[in-house]
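One structure below.
Because only heavy atoms are used, hydrogens play no part in the values below, and waters and symmetry mates are left out as well, while side chains stay in.
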Amino acid sequence: MKITPISGFPEYLPAERIVEQHFLDVIRETFELHGFPSIETRAVEPVDRLLGKGGDADKEIYGVSRLAGEETTDAELGLHFDLTVPFARYVLENAGHLAFPFRRHQVQKVWRGERPQEGRYREFTQADIDVVDVGELAPHFEAEIPLVMAEVFAKLPIGRMVIQVNNRKIPEGFYLGIGVTDVIGTLRIVDKLDKIGPAKVADLLVESGLTREQADRCLALAAIRTEDLSFVERVRELGVEHPTLDEGLEALARVIDTGMANAPGALVADLRIARGLDYYTGTVYETQLVGHESWGSFCSGGRYDSLASDGRTTYPGVGISIGVSRLLGLLLGHKMLSASRSTPACVLVAVNDEDSRATSTRVATALRARGIPCEVAPKPAKFGKQIRYAERRGMPYVWFPGAGEPADGSATGPDQVKDIRSGEQVDADASVWTPPAEDLHPQILRAEA
């Protein structure tokens, strides 16, 4: 059978997978450092629930049907296209067993039936954190959530990330204040600014029913971006009054002020950020890699007040999600990151001959017991070939059992270990020898700019 790749479903080689695992480890450890326990939800949700959330979700859903058994018509189940909708359902199902405010992190695959392109996939990994409460959610969580992500990005070898923050109440109140009634429709058009530019956005706004003056004022609002609280004064200078606008400005000021105090430069107020999904009601986030703004956002989210509700009780929440596969796909694709080796092993234990393989295995067992990753050579080939085997995989050390000079009266000599980068070979004891910390695990290498 001819094997052909399926576009939009990335698969990594071992060295690339090591980079991915490093990212996932940093993300998980940072989430847990902030007290976010892990959950995992099922891969499928009822299609009618998926269709009811997320704007254009009906164009993205993969339906699930059986290939055998009873004849099927329309799919009743679909693969989830994000982790927020299944999380909302999870909260409703398990509310009686959860302690509120409930915080969780979730790292899983998601699926979207969109056209594959660079940085856009049909199957990819997302990493989310959310906080939900019963009835009301304290506003300070809207500032805490992006700070967690700022810490994640500071630990990853990717350069500077900037989290752009807005509050949906600012454009909503502003639009209402200038006489625009279709707030959601206007937000969705403004959300296209990065893709099509202000001129085309203005034309679309006019086509949707706004006057040219209203369209220009919407663009003036979207052009405001500051690293401090001066955005409040700049909005006021536009001369629009509305209570909802006041609420949004106050809420965003709290978030930016917290960011300035705890992660200077990581958060900016950017009033063009709209987030097209219709379940966001307050603070919204998008994130860009400085120097690669054309790549778009890698991390986004916001506050939602009515996504989770059973008709009697509402569970408002705020969350943010890293598109792990999207970020890695671009970094790896542009050769900006690599791993120092394609295996977790830092030592290859050589095998003299098959009769002595048990000796080599004992050495490997002793090293592993002390947390040193190693592999036993697959064949008792000439030592030169065993060294080249280690070199091809990036292992820095080769261990030679009994290769040292025998002491008086000894049948065999001590073991030796060779640093195949420098050529240095010394006597070693598997019960005490330890490589330098930087050699113990693969290093993630960042290409020079």
Taking atom NZ as the centre, does K385 end up with more than 12 heavy-atom neighbours from other residues, nucleotides or ligands that are less than 6.0 angstrom away? no
So, does N262 use its side chain to make a donor-acceptor pair with the main chain of T258 at under 3.5 Å? yes
Between the side chains of D305 and R168, is the shortest nitrogen-to-carboxylate-oxygen separation below 4.0 Å, so that they form an ion pair? no
Does a side chain donor of either D130 or Y304 reach within less than 3.5 Å of an acceptor in the other side chain? yes
For the pair N167 (side chain) and L252 (backbone), establish whether a donor and an acceptor sit closer than 3.5 Å, ignoring hydrogens and angles. no
Please work out which of the three classes, parallel, tilted or perpendicular, describes the rings of Y90 and F87, given edges at 30° and 60°. parallel
What's the shortest heavy-atom distance between G259 and L147, and which atoms? CA-CD2, 4.1 Å
Does L328 reach the side chain of F124, with side-chain heavy atoms less than 4.5 Å apart? no
Would you call I145 and Y285 a side-chain contact if the rule is heavy atoms closer than 4.5 Å? yes
Step through the shown structure and confirm whether more than 12 heavy atoms of other residues, nucleotides or ligands are within 6.0 Å of CD on E11. no
So how far is it from D194 CG to R272 CZ, rounded to the nearest 0.5 Å? 4.0 Å
Quick check: do F100 and D133 have side-chain heavy atoms less than 4.5 Å from each other? yes
Could you grab the distance from atom OG1 of T343 to atom CD of E375, nearest 0.5 Å is fine? 5.5 Å
Counting distance only, does the side-chain N/O of N94 pair as donor-acceptor with the main-chain N or O of H97 below 3.5 Å? no
Steps toward side chain to side chain contact (heavy atoms under 4.5 Å, CB included) verdict (E286, D270): CA-CA 9 Å; E286 287 192 357; D270 192 328; over 6 Å; no
Going by the side-chain contact (heavy atoms from CB on, under 4.5 Å) test, name the single residue among V318, I256, I163 that passes it with P146. I163
As a quick check of understanding, evaluate side chain to side chain donor-acceptor pair (under 3.5 Å) for R362 and T359, giving each step before the final call. CA-CA 5 Å; R362 282 195 295 273; T359 299; 3.2 Å; yes
Within 45 degrees of the axis of the six-membered ring of Y389 and under 6.0 Å from its centre: does R393 put its NZ or CZ there? yes
How about H292 and M336: do any of their side-chain heavy atoms sit closer than 4.5 Å? yes
Rounded to the nearest 0.5 Å, what separates atom CG in L83 from atom CZ in R104? 6.5 Å
Whether over 12 other heavy atoms sit under 6.0 Å from E293 CD: yes
Mind listing the closest non-hydrogen atom pair of P373 and P344 along with its distance? CB-O, 3.3 Å
Is R115 atom CZ crowded by more than 12 heavy atoms from other residues, nucleotides or ligands, each under 6.0 Å away? no
Spell out, as yes or no, whether a donor-acceptor pair under 3.5 Å connects the side chain of Q443 to the backbone of E438. yes
Identify the two heavy atoms, one from R326 and one from E118, that lie closest to each other, and give their separation to 0.1 Å. NH1-O, 4.5 Å
Between H105 (side chain only) and G35 (backbone N and O only), is there a donor and an acceptor less than 3.5 Å apart? no
Verdict with supporting geometry, T283 and E142, side chain to side chain donor-acceptor pair (under 3.5 Å): CA-CA 7 Å; T283 303; E142 295 173 59; 2.3 Å; yes
Here the gap from S65 atom OG to L77 atom CG, rounded to the nearest 0.5 Å, amounts to 10.0 Å
Between F102 and Y315, ring centroids under 6.0 Å: no
For the residue pair Y397 and W433, categorise the inter-ring angle as parallel (less than 30°), tilted (30 to 60°) or perpendicular (more than 60°). perpendicular
Heavy atoms only: give me the nearest G265-R160 pair and the separation to one decimal. O-NH2, 2.7 Å
Provide the closest heavy-atom pair for F400 versus A350 in the form atom of the first, atom of the second, distance. CD2-CB, 3.7 Å
Salt-bridged, E20 to R17, with N to O below 4.0 Å? yes
If you measure from the Lys or Arg side-chain nitrogens to the Asp or Glu carboxylate oxygens, is any gap between E45 and R42 under 4.0 Å? yes
Hey, are the side chains of F23 and T125 touching, using non-hydrogen atoms and a 4.5 Å cut-off? no
Are side-chain heavy atoms of I444 and I18 found at a separation under 4.5 Å? yes
Please check if the number of heavy atoms outside E136 that lie under 6.0 Å from its CD is greater than 12. no
Identify, with sequence neighbours excluded, every residue that meets side chain to side chain donor-acceptor pair (under 3.5 Å) alongside R103. E144
Mind checking the CG-CD spacing from D419 to E424? Nearest 0.5 Å is all I need. 7.0 Å
Quick one: pull up OH in Y62 and CZ in R112 and give me the separation to the nearest 0.5 Å. 12.0 Å
Between E172 and K169, is the closest basic N to carboxylate O distance under 4.0 Å? no
Closest heavy-atom contact between G159 and L289? C-CD1, 4.2 Å
Using the side chain to side chain contact (heavy atoms under 4.5 Å, CB included) rule, take M395 and V347 through it: C-alpha gap first, then chi angles, then the decisive distance, then the call. CA-CA 6 Å; M395 286 182 271; V347 180; over 6 Å; no
R357 vs E354, salt bridge (Lys or Arg N to Asp or Glu O under 4.0 Å): CA-CA, chis, key distance, verdict: CA-CA 5 Å; R357 179 172 290 277; E354 284 301 330; 2.9 Å; yes
If we only count heavy atoms from C-beta on, is the V349 to P401 side-chain gap below 4.5 Å? yes
Heavy atoms from other residues, nucleotides or ligands near NZ of K192 exceed 12 (cutoff 6.0 Å): no
Are R303 and T281 close enough, and set up right, to give a side chain to side chain contact (heavy atoms under 4.5 Å, CB included), and what steps lead you there? CA-CA 6 Å; R303 176 167 180 144; T281 56; 4.1 Å; yes
Would a 4.5 Å heavy-atom cut-off, applied to side chains only, mark V351 and V376 as touching? yes
Would you please say whether a donor-acceptor pair under 3.5 Å links the side chains of R370 and T434? yes
Does CD in Q117 sit with more than 12 non-hydrogen atoms of other residues, nucleotides or ligands closer than 6.0 Å? yes
Passes side chain to side chain contact (heavy atoms under 4.5 Å, CB included), V148 versus I320? Steps please. CA-CA 10 Å; V148 178; I320 195 168; over 6 Å; no
